[in-house]
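The block underneath contains the structure these notes are about, expressed in structure tokens.
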Number of protein chains: 2
Amino acid sequence: MKPLIHPDIDNITVEGILHALSDPVRVAIYADMAGAGCAQTCSTFLQVVDRSIPKSTLSQHFRTLREAGLIRSERQGVEMLNTTRCGEIEQRFPGLLPAIMSAHRVQLMQKARMARRKPAGSRTSTG
Amino acid sequence: MKPLIHPDIDNITVEGILHALSDPVRVAIYADMAGAGCAQTCSTFLQVVDRSIPKSTLSQHFRTLREAGLIRSERQGVEMLNTTRCGEIEQRFPGLLPAIMSAHRVQLMQKARMARRKPAGSRTSTG
DNA sequence: TCCATAGTTCGTAAAATACGAACTATGGAA
DNA sequence: TTCCATAGTTCGTATTTTACGAACTATGGA
């Protein structure tokens, strides 16, 4: 098993962060993790991401988050404990993650409103 | 020629914005455009992005920015005038774009510092 | 030693991206 | 009107990235 890669704080890039968080599954994972306040295992997120996502795919998503510098993963017995690196990133890119998380919440709330308005799976046609 | 697609403000997603700005060429274009204060043509950015980038590729980048809702493009005679939609987006996702642009500037400044420190094209080895 | 659990890696099919060639739309000159 | 130049788009294809099942690795416990 190859050792996990955690980039040094100075090698974390804005593009890497944005790319990592531009995927709905990953941003959901990250948001949940940021809100959790304590380290969480990978499998925890099988519940967060309600679709039954293959664990190989989930593993890749964690790798992407890790190599973008967003999270730190440490083996703890048979499982893997993940924590966000938001403190470090806040130092390097002040306000970036809070703004993304805030925007993410705005979007979640809007989605919830839309779902309440039109129950079945219909979408607005946007030319 | 198909009509240009500009998503309605309510259909602009955080993921779409992050994806669009997760490319170094696109974020450079967007940053320049946001700083310009007036509409700019596509070809303007051939200078901003110093690499000689093919115009088909540049066109695709503009399309990505446009369809993510970040910019608005209007034909003006023989050329295309582009403006950011930062006002609208600020309403929907307050603070998101300023934070990304700020982080981008931090990164540019760090790169400039590094380049001054080590003139030739050498990079830090980050395992 | 054997098994279960948690996650990684590999192989391959599907999707996204880059870029040259060909095309479209507009404006100006002959 | 016809022809040409400019600015940008679209198409075709090679390359890169991503998704996911199958096989593998690492740890803990019976």
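Note: hydrogens, waters and symmetry copies are ignored here, and every other heavy atom, side chains too, is used.
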Could you spell out the base pairing of DNA chain D as a dot-bracket line? Use Watson-Crick and G-U wobble contacts where both distances are under 3.5 Å, [ ] for crossing pairs, | for partners on a different strand. ||||||||||||||||||||||||||||||

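- Of the possible donor and acceptor atoms, none in the side chain of A:His104 sits under 3.5 Å from a partner among the backbone N and O of A:Ala28.
- Note that the CD1 atom of A:Ile71 and the CD1 atom of A:Ile29 stand 8.0 Å from one another [nearest 0.5 Å].
- To the nearest angstrom, P of C:dA4 lies 13 Å from NZ of A:Lys55.
- Between A:His19 and B:Ser56, it is B:Ser56 whose nearest contact on DNA chain D lies nearer the 5' terminus.
- The line from CG of A:Leu96 to CD1 of A:Ile17 is 5.5 Å long, rounded to the nearest 0.5 Å.
- Regarding A:Ile5, its CD1 atom lies at a distance of 12 Å from the P atom of C:dT8, rounded to whole Å.
- Taking only side-chain nitrogens and oxygens, A:Ser43 comes nearer than 4.0 Å to OP1 or OP2 of C:dG7.
- Within the 4.0 Å cut-off from OP1 or OP2 of C:dA18, not a single side-chain nitrogen or oxygen of B:Arg26 is found.
- The CZ atom of A:Phe62 lies 7.5 Å from the OG1 atom of A:Thr41; values are rounded to the nearest 0.5 Å.
- For the atom pair CG (A:Leu81) and CD (A:Gln40), the distance works out to 9.5 Å, reported to the nearest 0.5 Å.
- The nearest whole Å value for the distance from the CG atom in A:Leu58 to the C1' atom in C:dT9 is 15 Å.
- Summarising the geometry, the separation between CD on A:Gln60 and C1' on C:dA14 is reported as 16 Å, rounded to the nearest angstrom.
- Atom NE2 in B:His61 sits roughly 18 Å away from atom C1' in D:dA7 (whole-Å rounding).
- When all heavy atoms of A:Gly69 and A:Arg85 are compared, the closest pair comes out as O-CD, 3.2 Å.
- Proximity of a side-chain donor or acceptor of B:Ser59 to a complementary backbone N or O of B:Lys55 within less than 3.5 Å is not detected.
- Applying a 4.0 Å cut-off to non-hydrogen atoms, the residues of residues 75-84 of chain A that approach DNA chain D are A:Arg75, A:Gly77, A:Val78, listed by residue number.
- Within a 6.0 Å sphere centred on CZ of B:Arg92, heavy atoms belonging to other residues, nucleotides or ligands number more than 12.
- With the nearest nucleotide of DNA chain C identified for both A:Cys42 and B:Pro54, A:Cys42 has the one nearer the 5' end.
- Residue A:Ser59 has a polar side-chain atom (N or O) positioned under 4.0 Å from OP1 or OP2 of C:dT8.
- In this structure, A:Glu74 places its CD atom 14 Å from P of D:dT27, rounding to the nearest Å.
- Summarising the geometry, the separation between CZ on B:Arg63 and C1' on C:dC19 is reported as 15 Å, rounded to the nearest angstrom.
- Under the 4.5 Å side-chain criterion, counting only non-hydrogen atoms from C-beta, B:Phe45 is not in contact with B:Val25.
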